[in-house]
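Computed from a prediction, not measured in an experiment: that's the story for all the values here.
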Amino acid sequence: MTIRLPEPGGTTREYRPRAEPLALSASGPLTSRTVFSAAHVVADPYADTTPDSPAAVDWDATLAFRRHLWSHGLGVAEAMDTAQRGMGLDWAGAAELIRRSAAEAHSVGGRIACGVGTDQLTGPAGLPEIRAAYEEQLAVVEESGAQAVLMASRALAAAASGPEDYLDLYGHLLRQAGEPVILHWLGPMFDPALHGYWGTADLDAATETFLDVIAAHPDKVDGIKVSLLDARREVELRRRLPEGVRCYTGDDFHYPELIAGDEQGFSHALLGIFDPLGPLAAEAVRILDTGDAEAFRKALDPTVALSRHLFEPPTRFYKTGVVFLAWLAGHQDHFTMVGGLQSARSLPHLARAYELADGLGLFPDPARAESRMRALLTVQGVPQ
C-alpha cells in the first residue's frame, strides 16, 4: 500500500513505506569514540499553555527517551539547544530538566553532560551580571553531578566589546569549574543572536581567541563542541588542540567523515541528529570500534541526507523535525512541542523527513509510523 505525500506547490506523490525496520545487533558499550546525543524534551499536550507560558514538560516521557539513548550506549547532552533552550524552554525549566536527568543518569549508569548558559537573563545585561548568570548555572550542573558544557551566551555576544571580554570571562569560569568542561561554539546558523562570537565576525580571528581560551586552561577543558557546519575548519581546529583536549563534532552535515577521522586524528561526537539516529548511530560506532572505518561509513553515510534535510535553513528549527520523528517512532504519543514549535516546519518538509527516515529503517514499527503520518496528512487536508 502507498501513502500520498505532499510536495511544495500543492501537488502530491505516492510513496510505498518499507515493511520492516532496520535490523540492528544487540547494544553494547562504545569504546573508540565518546558519543553524546543531544536530546529533545517531550511537551505535556494536556497543559493549558500559550506560546508565552513557561514550558510544560511531560517528565515521564522525557526521561524515558533519555533511557532509550543510554540503552544504546550513547551519552546524553542535556539542556542544550536540541531541548529548545532559548526557544521554548526557559532557565527554570532547564534547571529542573538538568536535575531530573542527572538523577536518572546516576540511577542507570548513563553518561550525561548538561548545558550551562545565561538564559535566565531576559534583557540587556552587563558583564558582571553575565558572569553571575554563568556561575549560577554552573553550580546547578555541578551539584547535580553532571559534566558541564559551557554554552555560547546571547547576552555575552551582545555585551562584549571584543575578544578580551571573552578571554576574561571564560578564564574566570574555567578557574572556577570543579571538573573539566566542554566548551561549545555554536554558530549563527543555529542562533542568529550569536553572530560575532569570540569578539569578531572573522572566523579565523575568532578561532584564535577560542584557542587562546583553551591554551590558558587545558587542564579544565575536556573538549570542545564545534557547531559551525564547516568540516575543513573543524579538522584544522582539532589538529591545533592541546594534547588531551577532545574535539566533539557538532557538524550535522559532515559527521561521518569527521568521526571516522584521518591519519592525524578524529572527532568524538555531540550531535542533535543522533536524537533520531540513536540506535543506528550507536551500531555504526560499534563497527568503528572494530577498526573497520569503511563499514562505519557505509552504515552512517546514508543518514546524511536526512540530517541535511532536518537542518536546512532556518537551521534552528531542526528541533521540529527531531520531535516529529520521535512521535512517528513511538517515543511519544503526540506531535506537540513546548512553545508551539511543531508549527515551525511545513507539511512538505515533514513529509520528506518521514520518507527519508522510513527509507533508513529508523522506525521500530513502520506500520505505526505510517498510520501516524496518514493521520497528520488527513488533518492537514491531504487526501489518502
Peer 1: How about Leu237 and Leu211: do any of their side-chain heavy atoms sit closer than 4.5 Å?
Peer 2: yes

Peer 1: Work out which heavy atom in Ser37 is nearest to a heavy atom in Asp275; give both atom names and the distance.
Peer 2: OG-N, 3.2 Å

Peer 1: Same hydrophobic cluster for Val235 and Val304, using side-chain heavy-atom links shorter than 4.5 Å among ILVMFWY?
Peer 2: no

Peer 1: Verify the ring-centre separation between Phe311 and His309: is it less than 6.0 angstrom?
Peer 2: no

Peer 1: Are Glu234 and Lys225 within salt-bridge range, i.e. N to O under 4.0 Å?
Peer 2: no

Peer 1: For residues Asp202 and Asp204, report the shortest heavy-atom separation together with the two atoms involved.
Peer 2: OD1-N, 2.9 Å

Peer 1: Closer than 4.0 angstrom, basic N to acidic O: yes or no for Arg246 and Asp222?
Peer 2: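 Asp222 and Arg246: salt-bridged.
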
Peer 1: Taking all non-hydrogen atoms of both residues, which atom of Leu300 and which atom of Ala281 are closest, and how far apart?
Peer 2: CD1-CA, 4.2 Å

Peer 1: Do Met1 and Ile3 have side chains that get closer than 4.5 Å, going by heavy atoms?
Peer 2: no

Peer 1: Are Arg238 and Asp262 close enough for a salt bridge, meaning some N to O gap below 4.0 Å?
Peer 2: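 Here Arg238 pairs with Asp262 in a salt bridge, since their nearest N and O are under 4.0 Å apart.
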
Peer 1: Among side-chain atoms of Ser267 and Tyr255, is any donor-acceptor pair under 3.5 angstrom?
Peer 2: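 No, because no side-chain N or O of Ser267 sits under 3.5 Å from a partner of the opposite role on Tyr255.
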
Peer 1: For Ser32 and Asp289, test the side chains for any donor-to-acceptor distance below 3.5 angstrom and give the result as yes or no.
Peer 2: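 Distance-only check passes for Ser32 and Asp289.
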
Peer 1: Distance check, rounded to the nearest 0.5 Å: Phe190 atom CZ versus Thr82 atom OG1?
Peer 2: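 OG1 of Thr82 is found 8.5 Å from CZ of Phe190.
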
Peer 1: Rounded to the nearest 0.5 Å, what's the gap from CG on Leu341 to OG1 on Thr336? Could you check?
Peer 2: 12.0 Å

Peer 1: Taking the side chain from Ser227 and the backbone from Leu186, do they hold a donor-acceptor pair closer than 3.5 Å?
Peer 2: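 No: the side chain of Ser227 does not pair with the backbone of Leu186.
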
Peer 1: Could you verify whether a donor N or O on one side chain and an acceptor N or O on the other, from Glu179 and Gln147, lie under 3.5 Å apart?
Peer 2: no

Peer 1: Hey, mind stepping through Arg67 and Glu104 against salt bridge (Lys or Arg N to Asp or Glu O under 4.0 Å) and telling me if it holds?
Peer 2: CA-CA 8 Å; Arg67 292 193 296 272; Glu104 194 73 17; 2.8 Å; yes

Peer 1: Heavy-atom distance under 4.5 Å between the side chains of Asp191 and Arg154, does that happen here?
Peer 2: yes

Peer 1: Could you go step by step and tell me if Thr49 and Asp44 meet the side chain to side chain contact (heavy atoms under 4.5 Å, CB included) rule?
Peer 2: CA-CA 10 Å; Thr49 61; Asp44 177 359; over 6 Å; no

Peer 1: Say you draw a straight line from CG of Leu376 to CG of Leu347; how long is it, rounded to the nearest 0.5 Å?
Peer 2: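 The CG atom of Leu376 sits 5.5 Å away from the CG atom of Leu347.
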
Peer 1: Mind jotting down which residue pairs meet the ring pair (Phe, Tyr, Trp, His ring centres under 6.0 Å) criterion with at least one end in residues 201-234? Sequence neighbours excluded, please.
Peer 2: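 Checked against ring pair (Phe, Tyr, Trp, His ring centres under 6.0 Å) - neighbours excluded - the pairs reaching residues 201-234 are Trp185-Phe210, Trp198-Phe210.
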
Peer 1: Any chance the side chains of Gln384 and Arg374 put a donor and an acceptor closer than 3.5 Å?
Peer 2: yes

Peer 1: Using the side chain to side chain donor-acceptor pair (under 3.5 Å) rule, take Gln342 and Thr320 through it: C-alpha gap first, then chi angles, then the decisive distance, then the call.
Peer 2: CA-CA 5 Å; Gln342 67 271 11; Thr320 301; over 6 Å; no

Peer 1: Starting at CG of Asp230, measure out to CG of Leu203 and round the result to the nearest 0.5 Å.
Peer 2: 7.5 Å

Peer 1: If you look at every heavy atom in Val245 and Gly223, which pair is closest and at what distance?
Peer 2: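 Val245 and Gly223 have their closest heavy atoms at CG1-CA, 3.9 Å.
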
Peer 1: State whether a side-chain donor-acceptor pair under 3.5 Å links His172 with Glu135.
Peer 2: yes

Peer 1: Does a donor on one side chain and an acceptor on the other come within less than 3.5 Å for Gln137 and Asp119?
Peer 2: yes

Peer 1: Taking NZ, NE, NH1 and NH2 as the nitrogens, is one of them in Arg100 or Glu96 under 4.0 Å from a carboxylate oxygen of the other?
Peer 2: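 Salt bridge flag = yes for Glu96 with Arg100.
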
Peer 1: Please assess Asp358 against Tyr15 for the test side chain to side chain donor-acceptor pair (under 3.5 Å), listing each intermediate value before the final yes or no.
Peer 2: CA-CA 10 Å; Asp358 180 72; Tyr15 171 70; 2.5 Å; yes

Peer 1: Would the number of heavy atoms belonging to other residues, nucleotides or ligands and lying under 6.0 Å from CG of Asp48 be above 12?
Peer 2: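 Counting neighbours around CG of Asp48, 12 or fewer heavy atoms of other residues, nucleotides or ligands fall under 6.0 Å, so no.
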
Peer 1: Taking side chain as C-beta onward, heavy atoms only, is Asp81 less than 4.5 Å from His184?
Peer 2: yes

Peer 1: Write down the atom of Ala353, the atom of Leu310, and the distance for their closest heavy-atom approach.
Peer 2: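 What the structure gives for the nearest pair is CB-CD2, 3.9 Å.
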
Peer 1: Any heavy-atom pair between the side chains of Ser346 and Pro8 that's under 4.5 Å?
Peer 2: no

Peer 1: Flag the pair Lys298 and Glu294 as a salt bridge only when some basic side-chain nitrogen lies within less than 4.0 angstrom of an acidic carboxylate oxygen.
Peer 2: no

Peer 1: Under 3.5 Å, is there a donor on one side chain and an acceptor on the other for Asp212 and Tyr166?
Peer 2: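 Their side chains do not contain a donor-acceptor pair, so the 3.5 Å distance test is not met.
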
Peer 1: Indicate yes or no: at least one non-hydrogen side-chain atom of Trp91 is less than 4.5 angstrom from one of Leu121.
Peer 2: no

Peer 1: Apply salt bridge (Lys or Arg N to Asp or Glu O under 4.0 Å) to Glu312 and Arg308, showing your working.
Peer 2: CA-CA 6 Å; Glu312 70 182 12; Arg308 285 180 173 267; over 6 Å; no

Peer 1: Indicate whether any N or O donor in one side chain lies under 3.5 Å from an N or O acceptor in the other, for Thr2 and Arg16.
Peer 2: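 No, no side-chain donor-acceptor contact under 3.5 Å.
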
Peer 1: So which atom in Leu89 and which in Ala55 form the shortest heavy-atom distance, rounded to 0.1 Å?
Peer 2: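 It is CD1-CB, 3.9 Å.
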
Peer 1: Walk me through whether Leu288 and Leu30 qualify under side chain to side chain contact (heavy atoms under 4.5 Å, CB included).
Peer 2: CA-CA 9 Å; Leu288 187 59; Leu30 311 182; over 6 Å; no

Peer 1: According to a 4.5 Å side-chain heavy-atom criterion applied to Ile, Leu, Val, Met, Phe, Trp and Tyr, with indirect links allowed, do Met337 and Leu350 form part of one hydrophobic cluster?
Peer 2: yes

Peer 1: To the nearest 0.5 angstrom, please state how far the CD1 atom of Ile259 sits from the CZ atom of Phe296.
Peer 2: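 The CZ atom of Phe296 is 4.5 Å from CD1 of Ile259, to the nearest 0.5 Å.
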
Peer 1: Are Cys247 and Leu241 side-chain neighbours, meaning at least one heavy-atom pair lies under 4.5 Å?
Peer 2: yes

Peer 1: Share the residues that join Leu270 in a hydrophobic cluster, the rule being Ile, Leu, Val, Met, Phe, Trp or Tyr side chains under 4.5 Å apart at the heavy-atom level.
Peer 2: Phe36, Met80, Val149, Met151, Ile182, Tyr248

Peer 1: So does Glu78 pair up with Arg85, basic N to acidic O under 4.0 Å?
Peer 2: no

Peer 1: Could you go through Leu280 and Leu362, starting from their C-alpha distance and side-chain angles, then the distance that decides it, and tell me whether this counts as side chain to side chain contact (heavy atoms under 4.5 Å, CB included)?
Peer 2: CA-CA 8 Å; Leu280 191 160; Leu362 294 185; 3.8 Å; yes

Peer 1: Does a side-chain N-to-carboxylate-O contact under 4.0 Å join Glu236 and Arg239?
Peer 2: no

Peer 1: Please determine whether a side-chain nitrogen of the Lys or Arg among Glu7 and Arg13 lies less than 4.0 Å from a carboxylate oxygen of the Asp or Glu.
Peer 2: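 Yes, this pair counts.
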
Peer 1: Tell me whether Leu258 shares a hydrophobic cluster with Leu277, the cluster being built from Ile, Leu, Val, Met, Phe, Trp, Tyr side chains joined at under 4.5 Å.
Peer 2: no

Peer 1: Can you label the angle between the Phe335 ring and the Trp327 ring as parallel, tilted or perpendicular, going by 30° and 60°?
Peer 2: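 Aromatic pair Phe335/Trp327 classed parallel.
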
Peer 1: Please determine whether side chain to side chain contact (heavy atoms under 4.5 Å, CB included) holds for the pair His40 and Val42, giving the CA-CA distance in whole Å, both sets of side-chain angles, and the decisive distance to 0.1 Å.
Peer 2: CA-CA 7 Å; His40 73 279; Val42 182; 3.9 Å; yes

Peer 1: Taking C-beta and beyond as the side chain, do Leu97 and Trp59 meet within less than 4.5 Å on heavy atoms?
Peer 2: yes

Peer 1: What distance do Ser144 atom OG and Ile98 atom CD1 have between them, rounded to the nearest 0.5 Å?
Peer 2: 6.5 Å

Peer 1: Indicate the ring-plane relationship of Phe266 and His268, choosing parallel, tilted or perpendicular according to the 30° and 60° boundaries.
Peer 2: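 Answer is perpendicular, since the angle exceeds 60°.
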
Peer 1: Would Leu328 end up clustered with Val323 when hydrophobic side chains under 4.5 Å apart are linked, directly or stepwise?
Peer 2: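 Yes; Val323 is reachable from Leu328 via cluster members.
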
